[in-house]
2 protein chains.
Amino acid sequence: MGLAERKEREKNELRELILLKAKEIISKEGQDKLSIRRIATEIEYSPATIYLYFQDKDEILYQMMDKGFEILAHQMQDVYLETSALRRLFLIGQSYIRFGIENQDWYTLMFNSASPMNHIERCKSEWGHGIAIFEYLVSTCREALAEAKRTGIDERILALQMWSTVHGLVSLSNTQRLTIVDGNCTTGMDCPLIDLTLENMMFTLFNHKI
Amino acid sequence: MGLAERKEREKNELRELILLKAKEIISKEGQDKLSIRRIATEIEYSPATIYLYFQDKDEILYQMMDKGFEILAHQMQDVYLETSALRRLFLIGQSYIRFGIENQDWYTLMFNSASPMNHIERCKSEWGHGIAIFEYLVSTCREALAEAKRTGIDERILALQMWSTVHGLVSLSNTQRLTIVDGNCTTGMDCPLIDLTLENMMFTLFNHKI
DNA sequence: CAAAAATAATGAACAGTGTTTATTAAATCA
DNA sequence: TGATTTAATAAACACTGTTCATTATTTTTG
């Protein structure tokens, strides 16, 4: 009775093929080149077939968001090696920003786009990776507050403040708002303004120069 | 020779009519209901006609961004009445966030969307209102730093940090990221988490409770 | 005033998009 | 083999932005 199993496996394989192609298209040509029809022609199936494996485009984008979190996790690997919570917080911020600027399409999908969240709401799915990253930030904030001997600050609020700041930086940078406000800030990475702001954030929050 | 003038005026009138309808559609039904064809049918002209008055949709969105800044300026009126720079900074943040959450479509156009910026780059136009608002923030930061007797902080970096934080909050809130990270934070306005974060920002930056 | 030139507006097409449904082809079951 | 279930698709629907040749309309000129 291995027939049903093979069938199941083949179904999963096509599903994965769709997601693979989707990831490929986003990586090579960006979000707005990703279309159902484009995926279909690339995997040599009809567009309608895709709807046998995903209920709509939002579901595919939701899955793509997860692929993005995999990339982010990979790029954050060595952050965990840092023992000082203060310096770790700084490194988290730095690699978060770096990721957001170097992988604009993935970043948008994960933190700035409505579609994947629509799927979550509609299907009562979860934003698991997002929550996990935030909780890690919260606990690192708690450690850092202790390390800097700073009291009277809620670690959860602090985490949200830090997240908002770096997210804001990435978002403003990616949508060309920084380039215009400050000419020194050339498009893309190595914008001195962003580094200075991150350092300033650490300084104002913990009275510690990193 | 008032003929050429009347012609000119009529051209401007149709141009303004297009922008007016665009604004109406965004206000009533949101950004993604705004289409060239929709505007065309509403003003009872053919879609092609619109291209005699605007070079593409990006230019219309650029103009819409400006309309958005008008709304923001209007909602920020009474902020300037506050004499304390510290409290003024807080009020700026508060009304910025309020505006961003209550006018999601306008906010996205102004601070989170690529299209209007494309037009700026392509046509060497200016993001005048955006720069003006940022410069006002910078000078208020300078005042506030003096008021709080805080030294060793660059007012420009500080302004960017504050902008990033509030922009981040609005952006995360509008794209449903906060609702999920914290259940207490119901969608839309009066999210206690946002208020607390804004207060925490003021406290960490100036050691002053507002 | 009539003919010519300039201007304004449009119909129709191009090249896309997401999604649905009735139909056909293939594989499995009895 | 024939019936039934499953998988895939062609075709259509309702949209999108944009372009261009063609048709009114208006203005200018002889």
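Since this is a predicted model, take the numbers as computed values, not measurements. Residue numbers start from 1 in every chain, and the chains themselves are labelled A, B, ... in the order their sequence lines are given, proteins ahead of strands.
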*Under 4.0 angstrom, heavy atoms only, what part of the nucleic acid is A:S35 near: base, sugar-phosphate, or nothing?*
sugar-phosphate
*With a non-hydrogen cut-off below 4.0 angstrom, is B:Y53 in contact with a base, only sugar-phosphate, or nothing?*
sugar-phosphate
*Rounded to whole angstroms, how far apart are CG on A:L14 and P on D:dA8?*
6 Å
*Of A:K33 and A:A48, the one whose closest DNA chain C nucleotide lies more 5'*: A:K33
*Rounding to a whole Å, what distance do you find between B:D58:CG and D:dG17:P?*
11 Å
*Using 30° and 60° as the class limits, which term best fits the ring planes of B:F134 and B:W163: parallel, tilted or perpendicular?*
tilted
*Take atom CZ of B:R87 as the centre, draw a 6.0 Å sphere, and report whether it contains more than 12 heavy atoms from other residues, nucleotides or ligands.*
no
*Angle class for the A:F69/A:H129 ring planes (parallel below 30°, perpendicular above 60°, tilted otherwise)?*
parallel
*What is the distance, rounded to the nearest whole Å, between atom CD1 of B:I50 and atom P of D:dG17?*
9 Å
_Could you tell me how far apart B:L34 (CG) and D:dT16 (P) are, to the nearest whole angstrom?_
10 Å
*Step through the shown structure and confirm whether more than 12 heavy atoms of other residues, nucleotides or ligands are within 6.0 Å of CZ on B:R15.*
yes
*Is the phosphate of C:dT10, meaning OP1 or OP2, less than 4.0 Å from a side-chain N or O of B:T49?*
yes
*Can you check the B:I43 CD1 to C:dA8 C1' distance for me, whole Å?*
13 Å
*Does the side chain of B:W106 reach to within under 4.5 Å of the side chain of B:I26, using non-hydrogen atoms?*
yes
*Nucleotide nearest B:I36 when distance is taken to its side chain, options C:dG18, C:dT10, D:dT18*: D:dT18
*Measure from CG on B:D32 to P on D:dA14 and round the result to the nearest Å.*
20 Å
_Value in whole Å for how far the C1' atom of C:dT19 lies from CZ of A:F54_ = 16 Å
*For A:K11 and D:dT6, give me the distance from atom NZ to atom C1', rounded to whole Å.*
9 Å
*Check: A:R37 side chain, C:dG18 base, donor-acceptor under 3.5 Å*: yes
